Protein chains: 4
Amino acid sequence: MTEQKIRIGIVGARAYTARELLLILARHPRAQVAVLQARVDDPVPPGDVFGVLRGMDLPDIVDVDFSHLPADLNAVFLCLPHTAAAEYAVPLMERGLRVIDLSADFRYGSLKTYESVYGVTHPAPELMAKAVYGLPEIRRASIIGAPLIANPGCYPTAVILSLAPLMKRDLVVPGTIIADCKSGVSGAGRTANDVTHFCGANESLKAYKVAEHRHESEIEEQVSRLAGETHTVTFVPHLVPMDRGEYATVYAKLKEPMTADNVRRMFASYYENEPFIRLMPGSALPDTKNVANTNFADIAVRVDERKQRLIVTTAIDNLVKGASGQAVQNFNISYGLPETMGLV
Amino acid sequence: MTEQKIRIGIVGARAYTARELLLILARHPRAQVAVLQARVDDPVPPGDVFGVLRGMDLPDIVDVDFSHLPADLNAVFLCLPHTAAAEYAVPLMERGLRVIDLSADFRYGSLKTYESVYGVTHPAPELMAKAVYGLPEIRRASIIGAPLIANPGCYPTAVILSLAPLMKRDLVVPGTIIADCKSGVSGAGRTANDVTHFCGANESLKAYKVAEHRHESEIEEQVSRLAGETHTVTFVPHLVPMDRGEYATVYAKLKEPMTADNVRRMFASYYENEPFIRLMPGSALPDTKNVANTNFADIAVRVDERKQRLIVTTAIDNLVKGASGQAVQNFNISYGLPETMGLV
Amino acid sequence: MTEQKIRIGIVGARAYTARELLLILARHPRAQVAVLQARVDDPVPPGDVFGVLRGMDLPDIVDVDFSHLPADLNAVFLCLPHTAAAEYAVPLMERGLRVIDLSADFRYGSLKTYESVYGVTHPAPELMAKAVYGLPEIRRASIIGAPLIANPGCYPTAVILSLAPLMKRDLVVPGTIIADCKSGVSGAGRTANDVTHFCGANESLKAYKVAEHRHESEIEEQVSRLAGETHTVTFVPHLVPMDRGEYATVYAKLKEPMTADNVRRMFASYYENEPFIRLMPGSALPDTKNVANTNFADIAVRVDERKQRLIVTTAIDNLVKGASGQAVQNFNISYGLPETMGLV
Amino acid sequence: MTEQKIRIGIVGARAYTARELLLILARHPRAQVAVLQARVDDPVPPGDVFGVLRGMDLPDIVDVDFSHLPADLNAVFLCLPHTAAAEYAVPLMERGLRVIDLSADFRYGSLKTYESVYGVTHPAPELMAKAVYGLPEIRRASIIGAPLIANPGCYPTAVILSLAPLMKRDLVVPGTIIADCKSGVSGAGRTANDVTHFCGANESLKAYKVAEHRHESEIEEQVSRLAGETHTVTFVPHLVPMDRGEYATVYAKLKEPMTADNVRRMFASYYENEPFIRLMPGSALPDTKNVANTNFADIAVRVDERKQRLIVTTAIDNLVKGASGQAVQNFNISYGLPETMGLV
């Protein structure tokens with residue numbers, strides 16, 4: 001007997017993250033894409049928007065209109081800019097749909113931080129308390145059955161995974177965390193401009209939003225919560241001439257002297273049963289190439305013992321573990337499905 | 001005694017071709033950039049538009065306004081879309097300025113072909129007869145002292161150079177020329193869209209405008225003129241994930257059997273004194289990398305003797321020999337300067 | 001009840017094609033990787049050779065030694081250079097194993113052509129008659145149950161698919177076929193040299209082996225066989241700065257005037273039930289990006305009616321439809337499995 | 001009257017750095033390339049090694065043999081691995097030639113550090129005292145007339161320039177410097193292997209030699225010398241999929257609270273007359289693209305005031321300011337020529 005499919009919708013279906021969701025869900029035995037919406041004048045086949053989707057059995061992308069959602073829909077992925085996501089989440093949740101939001105709208109515990117960092121008024125602050133932060137490796141229990149999941153930012157995913165085992169044991173000196181991150185151009189989204197133009201991005205490496213990127217506050221809130229004390233993070237993102245991939249090089253001072261082996265064992269223990277964490281063996285280091293198109297986070301731990309400084313390097317695919325793959329992982333957990341379904 | 005500088009202006013100073021002109025002219029001992037114009041709200045330093053120009057001693061880019069041109073200006077380079085270029089050329093020429101136009105407006109002998117191919121009414125057909133086609137290797141004599149030079153298209157430059165020695169001797173069977181061309185993304189200009197977006201262009205190779213690109217007619221007119229009989233050309237351009245560089249692979253049937261050696265000697269003789277043609281020795285083949293940032297055209301000749309088919313491969317930098325370098329070459333010839341000034 | 005797995009081995013397990021096979025077979029419900037061999041000093045986990053394979057449940061790569069093959073092995077994929085493949089095929093076939101050979105050794109009907117083109121003595125000419133040419137879209141029937149399948153070259157796959165519907169009806173004028181092909185660097189294999197070095201390949205486009213690439217003869221033999229008359233092909237490959245992807249732009253003269261619509265309909269009919277052929281709709285053209293990591297061949301047909309010239313563009317992933325994906329497609333057909341198993 | 005040329009030689013003429021030297025020296029009005037040596041079986045034209053050099057008037061590259069150096073040679077650039085450089089420097093200096101060494105052999109004040117870090121015995125320790133560290137922005141005076149110049153490493157160039165104004169005033173807290181650096185693949189040299197293979201490097205970002213790269217010690221020695229107290233540096237290099245370009249993101253704690261404006265003014269004052277330092281205006285940040293093929297170092301200064309942390313970003317072209325351009329800058333200074341000759 002075939003089990004019943006969970007019928008899902010995607011709003012914002014022209015985003016890169018929507019394309020990735022569709023590629024992943026095509027291999028998912030329990031999810032069925034029932035509706036695709038985006039701001040379009042006329043219905044358009046997904047294959048006309050993303051040629052890689054040609055030939056797949058998918059509904060056309062239609063204009064955003066919640067009055068025409070299928071009656072038997074179960075869950076919706078929101079691939080929308082912030083504030084639009086929260087606004088749309090309200091009517092969807094009122095209809096009893098589970099919502100997995102890939103925007104920043106429900107990532108924060110603190111309304112004040114969100115509104116200050118994003119410079120907007122939150123459209124649905126009453127939903128914030130219902131939302132869970134969807135980083136399974138640190139919040140799995142709360143994701144089960146959750147009606148509203150805030151999918152983490154791509155940079156926070158890589159940085160928090162680099163630190164979680166240590167923060168949990170409160171081993172990091174506050175004020176010493178530096179996260180030097182590097183992202184492929186798809187991290188900048190589909191907006192076409194001088195920066196994302198091939199001739200602007202190719203043969204170009206550059207920092208941007210030095211110590212003023214919004215993800216800094218998201219990281220700070222989560223690592224502080226893990227540690228049980230306030231941590232600041234200096235976060236500097238860089239744009240790299242590659243399509244996909246994200247790399248975090250995280251530096252911190254340890255509260256007590258530890259060898260690299262000690263720290264590595266701590267990570268190995270903390271991530272022991274995680275299906276998507278690959279701790280690098282021996283002298284191997286993460287490489288974005290090795291996680292491309294996968295939901296893996298590859299992590300290597302080093303301690304510069306002479307300087308008592310921790311150095312963790314983590315590679316993820318920003319569009320998969322950093323966005324759509326993690327969204328499906330959260331979807332699986334939420335519905336009690338095997339966590340890796342559709343993802344390996 | 002220092003010789004007097006020729007004072008030049010650039011209209012359309014925000015184009016890639018303008019950036020290349022400025023980089024070349026910075027090394028040119030006889031040219032001085034006196035004015036830069038483009039559609040801008042406020043004057044802007046060129047270094048703010050193209051960071052590579054920072055620190056160079058250049059005037060700000062000001063809004064297009066011919067009533068404020070310096071009194072002692074000598075020549076103007078037009079880095080503008082078609083029709084805009086012809087429109088602007090009129091008042092500039094009336095003021096006695098020499099014009100080097102990088103658009104298609106004055107490349108055609110036939111007004112009818114131009115208007116049909118570009119789908120517009122020519123704004124200044126009366127100037128067409130004054131214009132010379134600025135491909136020095138085939139029209140050098142007419143460029144000397146010319147008041148209006150039509151800088152060739154990038155693809156036509158590569159394709160015509162691949163064929164000229166044979167066309168001149170009428171050795172090619174009409175109807176057999178195929179030009180399979182490949183261009184880096186800068187050939188698509190600064191317009192930011194899904195195609196020029198890094199994530200659209202990277203790891204992507206694709207044909208476009210198959211047998212319907214406007215340059216096809218420009219090539220046909222020029223090779224027919226060289227041969228003294230009508231030739232058609234099948235021209236298929238492709239977009240390649242690189243910044244700059246253009247490659248023409250040209251196929252044709254020869255009217256009489258020739259060995260590769262024969263053809264090679266013919267090319268060697270035809271291009272003997274050309275400072276910017278490098279005929280590949282032995283088994284070497286052109287590579288866009290080897291002509292990047294140079295005004296060279298690297299050419300290799302092959303004959304598939306079993307099939308009596310000529311195969312010529314030519315590499316140029318689309319922004320230099322295919323645009324701004326050739327414009328300076330034309331400028332040098334026009335003013336009687338050493339042809340390579342500023343270019344090697 | 002779970003169906004029994006078909007146990008397979010890979011010899012030459014350090015090749016890019018072996019990595020692709022392992023990625024595909026990991027999603028294949030009926031294949032099980034039982035043994036991996038390559039020239040290695042000590043057994044090595046596949047994840048140490050290709051980081052992307054880390055964490056997969058795979059046997060170590062051991063040195064080539066057919067005396068230690070598992071007793072219940074069913075089939076072997078050979079990812080080896082030519083002559084080595086044929087040499088190894090002999091003992092494997094004697095043990096009753098099915099062999100899918102990714103080298104050129106069994107692709108030819110003519111021993112003479114093979115030995116002349118490859119400049120070697122064939123190590124196992126007696127097996128040539130048992131081999132089938134594994135391009136399912138033109139030879140599906142003969143692949144069913146075949147004990148020895150010669151997986152086609154990557155270029156021939158793209159070029160033959162561009163021409164098959166027309167050759168079958170003998171609509172192409174002999175001597176007029178030109179195949180201008182472009183390949184990503186993985187097509188050059190894992191050999192590290194000046195050409196495959198990032199600084200040699202990046203920002204570089206270049207032709208190589210102009211009209212002297214070995215695949216030319218393979219294409220000629222197959223299209224002649226389809227047409228029932230001798231065709232020559234002028235084949236010029238180019239190296240493009242991308243990882244994977246192959247593009248064929250094929251030109252030919254038609255024996256009788258046809259419109260683009262006519263030709264398109266003919267292709268649509270010929271490829272009607274093919275699961276891996278996507279005929280481009282409307283004005284769309286193939287793009288290597290859209291077939292990356294898939295077994296699809298995207299094909300667009302054009303006729304330059306003014307010049308009566310056919311232009312077909314085809315994009316494949318050289319490592320998938322051009323190698324390992326097609327090998328699995330052949331494996332599926334050979335064993336009577338659904339043809340798309342593991343491939344979509 | 002034309003001034004006499006300084007006749008120079010290059011040993012190790014097949015290195016990327018030699019190619020860059022030849023491109024720069026071709027525009028240098030006072031230098032003449034008199035001899036090119038490398039380990040070659042037969043003399044080879046430079047254009048056969050690097051196609052970009054075709055057509056340039058250069059001597060063939062001959063085998064290394066100091067008994068056949070031109071009698072009127074003045075200076076030699078060494079583009080050699082460490083130890084080979086020092087070994088060759090001895091006979092060259094005995095002949096009275098000025099030596100500009102691009103290897104690490106003479107970069108250290110401490111023999112012990114050099115021998116420990118490089119794991120070798122120094123072949124010519126007696127020359128170390130004669131050598132000057134050729135970073136003009138901090139050691140210009142000592143370079144004038146110097147007989148032996150140790151050209152700095154590419155990473156140290158970027159990192160030291162990021163810190164020099166602050167170290168000079170002793171404003172940085174020891175033990176807090178972190179240099180997170182990113183380099184294009186040419187930084188890994190011409191060696192062809194899995195890492196430099198296009199398919200290994202493209203779409204790949206990875207850290208390497210985390211806190212164990214040899215340049216760490218070179219940086220530590222120089223910044224300590226500038227500050228007059230011992231500083232340690234945590235240095236993590238990353239490989240980026242681009243040809244050329246190097247980016248340093250340097251973090252440090254300041255000894256006393258300073259605003260970004262204060263620090264910026266300090267940098268502006270320190271680098272006021274430097275022809276190759278471009279301090280970024282306003283919100284602009286360095287971009288490797290903007291310094292490609294130039295000798296510029298683009299520097300931006302930030303202070304995360306909330307966390308009292310300095311963040312400096314610096315971009316250079318690793319082959320120019322990071323190697324051959326700086327070598328010519330040193331050559332110019334050494335000979336009393338205008339420092340920018342051949343470089344702008």
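Hydrogens, waters and symmetry mates are skipped; everything else that's a heavy atom, side chains included, is used. Throughout, protein chains are lettered first and strands after them, A, B, ... in sequence-line order, and every chain is numbered starting at 1. If you're wondering where the values come from, they're calculated on a predicted model, not measured in any experiment.
Contact count against chain C (heavy-atom pairs under 4.5 Å) is highest for B:A207 among B:P286, B:A207, B:A292. The residue among B:T232, B:V291, B:T313, B:N290 with the most heavy atom pairs within less than 4.5 Å of chain C is B:T232. Across B:K206, B:M242, B:E203, B:E246, the residue that shares the most heavy-atom pairs under 4.5 angstrom with chain C is B:E203. Listed options C:D243, C:V240, C:I178, C:I311 were ranked by heavy-atom pairs under 4.5 angstrom with chain B; first place goes to C:I178. Contact count versus chain C (heavy atoms, under 4.5 Å) is highest, among B:L205, B:T288, B:D304, B:L285, for B:L205. Contact count versus chain C (heavy atoms, under 4.5 Å) is highest, among B:R302, B:K307, B:K253, for B:K307.
Of the two parts of B:P241, the backbone and the side chain both hold a non-hydrogen atom closer than 4.5 Å to a non-hydrogen atom of chain C. Residue B:V233 touches chain C through its backbone alone, counting heavy-atom pairs closer than 4.5 Å. Heavy atoms of B:E305 lying under 4.5 Å from chain C are absent altogether. Residue contact with chain C, scored on non-hydrogen atoms closer than 4.5 Å, involves the side chain of B:R306 exclusively.
Within the 4.5 Å cutoff, no side-chain heavy atoms of B:T294 are placed close to those of B:F276. Two residues are said to be in side-chain contact when any heavy atoms from C-beta on lie closer than 4.5 Å; B:Q326 and B:E137 meet this criterion.
Not a single donor-acceptor pair under 3.5 Å links the side chain of B:N295 to the backbone N or O of B:L343. Using a distance-only test at 3.5 Å, with no hydrogens or angles considered, no donor-acceptor pair links the side chain of C:S204 to the main chain of B:D287. For B:E221 (side chain) and B:Y108 (main-chain N/O), no donor-acceptor pair under 3.5 Å exists by modelled atom type.
For the side chain to side chain contact (heavy atoms under 4.5 Å, CB included) with B:T249, the qualifying choice from C:D180, C:V210, C:T249 is C:D180, the only one to do so.
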Notebook entry, point to check: Checking ring-ring contact (aromatic ring centres under 6.0 Å, His included) for the pair B:Y208/B:H238: CA distance, chi angles, key distance, verdict?
Noted result: CA-CA 6 Å; B:Y208 66 102; B:H238 301 73; 8.0 Å; no
